[in-house]
Structures are given as C-alpha cells and as structure tokens.
Amino acid sequence: MSNRLRYARLPKNEAEAVALQAELAGCVVVADNGHEFETVAGLDIAYDKDSDEAIATAVVMRRRDFEVLERSVARGRSEFPYVPGLLAFRELPLLLEAIGGLKILPDVFVCDGYGLTHPRRFGLACHLGVVLDMPAIGVAKNPPHLPVTEPRSSRGEWTAIKAGEEVVGCALRTRDDVKPIYVSVGHRCTLDTARNLMLDMAPEFRLPEPIRAADRLGRELLAESRK
DNA sequence: GCGACAG
DNA sequence: ATCTTGTCGC
C-alpha cells in the first residue's frame with residue numbers, strides 16, 4: 001500500500017494540476033465484473049472552522065447488512081485550496097493516509113464528489129480509483145453545470161447526465177420527494193453498478209450509508225478534539 | 001464568446 | 001466544507 005501512496009503527485013499550481021488530470025483521465029476504466037462488491041468503504045473529510053485542521057475518515061462497511069468492519073482516520077491540513085474542478089488535490093493526500101491505515105481492503109470506495117461528472121472527466125473519485133487502481137464511485141450532493149433532467153419523484157427513479165453524447169453520471173432519487181444525489185463512475189465499475197449499489201445502500205436516507213458513516217465519524221472526532 | 005461546476 | 005433555530009412530519 002505504501003508504494004501506492006507515493007504515487008499521489010502533488011502539483012505546485014493549478015496549471016500543473018489540470019495537466020495531471022488530463023494525463024490520468026485516460027486511465028479510467030468503465031467496466032466491472034458484475035455485482036461482486038461485498039465490502040464498501042465510505043470516505044470523507046471534515047474541516048474545522050477556525051483551526052485549519054482536517055480529519056479524513058474511511059469506514060469499511062459490509063454491503064449486505066451495512067455492518068461496520070473497520071474505521072480509519074487521518075488528521076492533517078490541506079495545503080491545496082478548494083478550487084472548483086481541483087477538489088482531488090485538496091482532499092486526496094489525507095484520504096490516502098486514512099485508507100493506508102486500513103487493514104481490510106474494501107472492494108470499492110465511495111467518495112464525496114464527482115467521478116466522471118467533472119469538467120475534464122476526472123473528478124475526485126476517478127483520481128482516487130486510478131491512483132489506487134481500485135474500484136471507486138463518486139456521490140455528489142450538488143449537480144454539475146450540465147443540463148440535468150429532474151428524475152421523477154419516487155425512490156429509484158433516475159436520469160442520465162450527459163456531456164454532449166457521453167453519459168457522465170446520473171441524478172438518482174434515493175427517497176421519495178427528496179432532491180436526488182449525483183452518482184458517477186470513478187474507476188473500474190459501470191454506472192449501472194454504481195447506481196444500483198448506491199440505491200441499495202441508501203434505503204432510508206438520501207445519502208448512502210458508507211458516506212453517512214464516514215461523515216458522522218469525522219464530525220464526532222472534530223467536535224471531540226475541539227473541546 | 002465567457003463563465004458558472006463537487007468539498 | 002462551515003455557520004445555525006425552529007419546524008414539519010413520521
């Protein structure tokens with residue numbers, strides 16, 4: 001795992017970051033072996049308002065019953081600012097650290113943010129997946145600036161999001177009458193697999209359980225360390 | 001034509 | 001991401 005962590009290059013400026021995305025975007029694989037994802041890791045980063053501390057969390061969960069198998073945490077600070085389109089450079093280093101602390105390697109990672117639903121088709125989930133060469137899915141809470149047709153109001157309804165002729169993700173309704181989530185392929189899976197998995201893992205709330213678990217853990221630790 | 005884009 | 005009270009609904 002440690003050699004893979006070293007693979008995450010840190011660009012010095014935005015131009016370098018964009019060039020790196022363009023270079024790595026060609027590595028994304030949109031294919032999988034069907035429904036064999038049995039363990040899923042949710043990833044997230046929580047930031048402290050004033051102290052610039054950040055906490056990355058990785059929660060490995062069984063797909064079947066959502067039982068948490070392992071949790072890992074990494075604390076640090078993000079050097080890279082938040083720039084739309086370059087989120088990965090801000091969050092990836094700390095996420096990789098948290099993942100490096102896992103003993104159980106999950107079958108797939110779920111990221112907070114875009115995969116192929118990205119201006120250059122290389123969002124956080126793609127970056128993570130390609131760097132680790134592992135399946136990854138992107139789940140965003142906000143839509144991209146692309147024409148998105150609102151899915152019908154009942155759970156399970158979805159609409160494809162296209163950039164030109166290319167399908168780069170979907171809007172997926174996980175709860176009746178609640179705004180959809182935006183699912184896209186990160187690496188080594190298909191959009192159908194990603195969409196079905198995320199719907200299955202969000203039986204009760206808008207966001208899939210792995211994301212909720214990672215989110216909650218980060219918040220708890222942040223509140224705890226702030227006392 | 002330009003800018004808007006996750007967290 | 002983060003700042004926050006009440007409020008509506010099951």
Side-chain angles (χ1 to χ4, degrees), chain A residues 8 14 17-18 21-22 25 28 42-58 73-99 109-130 136-149 153 155 161-164 166-172 174-187 191 194 198 203-208 210-212 214-226:
Chain A
E14 296 188 13
V18 170
Q21 287 181 331
V28 174
L43 305 173
D44 192 29
I45 296 189
Y47 297 92
D48 187 82
K49 183 189 177 283
D50 14 55
S51 87
D52 46 344
E53 190 191 12
I55 299 184
T57 52
V73 175
R75 294 166 183 264
R77 314 182 180 283
S78 300
E79 322 79 28
F80 213 92
Y82 171 67
V83 179
L86 301 180
L87 176 65
F89 299 101
R90 174 171 173 75
E91 303 214 322
L92 204 49
L94 210 52
L95 288 178
L96 291 174
E97 253 186 65
I99 292 167
F109 290 101
V110 180
C111 296
D112 240 318
Y114 296 149
L116 290 177
T117 309
H118 177 273
R120 290 171 295 280
R121 311 284 165 270
F122 200 70
L124 173 61
C126 297
H127 208 138
L128 182 97
V130 166
I137 293 167
V139 173
K141 299 183 271 305
N142 295 295
H145 287 187
L146 289 169
V148 179
T149 303
S153 61
R155 169 179 158 81
I161 297 174
K162 294 168 82 175
E166 185 187 1
V167 174
V168 294
C170 66
L172 172 63
T174 52
R175 297 195 66 185
D176 291 353
D177 303 312
V178 170
K179 67 179 194 172
I181 61 174
Y182 304 89
V183 178
S184 58
V185 170
H187 188 49
L191 183 56
M198 292 302 94
E204 190 175 357
F205 301 99
R206 177 166 90 116
L207 295 178
I211 292 289
R212 296 187 66 241
D215 201 79
R216 203 169 354 101
L217 177 59
R219 275 182 162 67
E220 287 170 1
L221 294 174
L222 211 49
E224 201 173 283
S225 77
R226 211 153 27 177

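If you're wondering where the values come from, they're calculated on a predicted model, not measured in any experiment. Chain naming here is simple, since letters A, B, ... match the order of the sequence lines and numbering starts at 1 in each.
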Whole-Å gap separating C1' (dT2(C)) and CG (D215(A)): 12 Å
Flag side-chain contact, heavy atom, 4.5 Å: R121(A) against V185(A): no
Atom NZ of K49(A) to atom P of dA1(C): distance rounded to whole Å? 16 Å
Residue pair V178(A) / R206(A): nearest heavy atoms and the distance that separates them: CG1-CD, 3.7 Å
Test: D44(A) and R216(A) ion pair at under 4.0 Å: no
Check every strand shown and say whether A54(A) touches a base, only sugar-phosphate, or nothing at a heavy-atom separation below 4.0 Å. nothing
For the student: nearest non-hydrogen atoms of A58(A) and L43(A), plus distance: CB-CD2, 3.5 Å
Determine, stepwise, if the pair L128(A) / F109(A) fulfils side chain to side chain contact (heavy atoms under 4.5 Å, CB included). CA-CA 9 Å; L128(A) 182 97; F109(A) 290 101; 3.7 Å; yes
From CG of D177(A) across to P of dC8(C) the rounded distance in Å is 18 Å
First and last nucleotide of DNA chain B, 5' to 3', lying under 4.0 Å from heavy atoms of chain A: dA4(B) to dG7(B)
If you look at every strand shown and take non-hydrogen atoms under 4.0 Å, does I211(A) touch a base, only sugar-phosphate, or nothing? nothing
Report the distance from atom CG of L87(A) to atom P of dT2(C), rounded to the nearest whole Å. 13 Å
Geometric class of the F89(A)/H127(A) ring pair [parallel <30°, tilted 30-60°, perpendicular >60°]: perpendicular
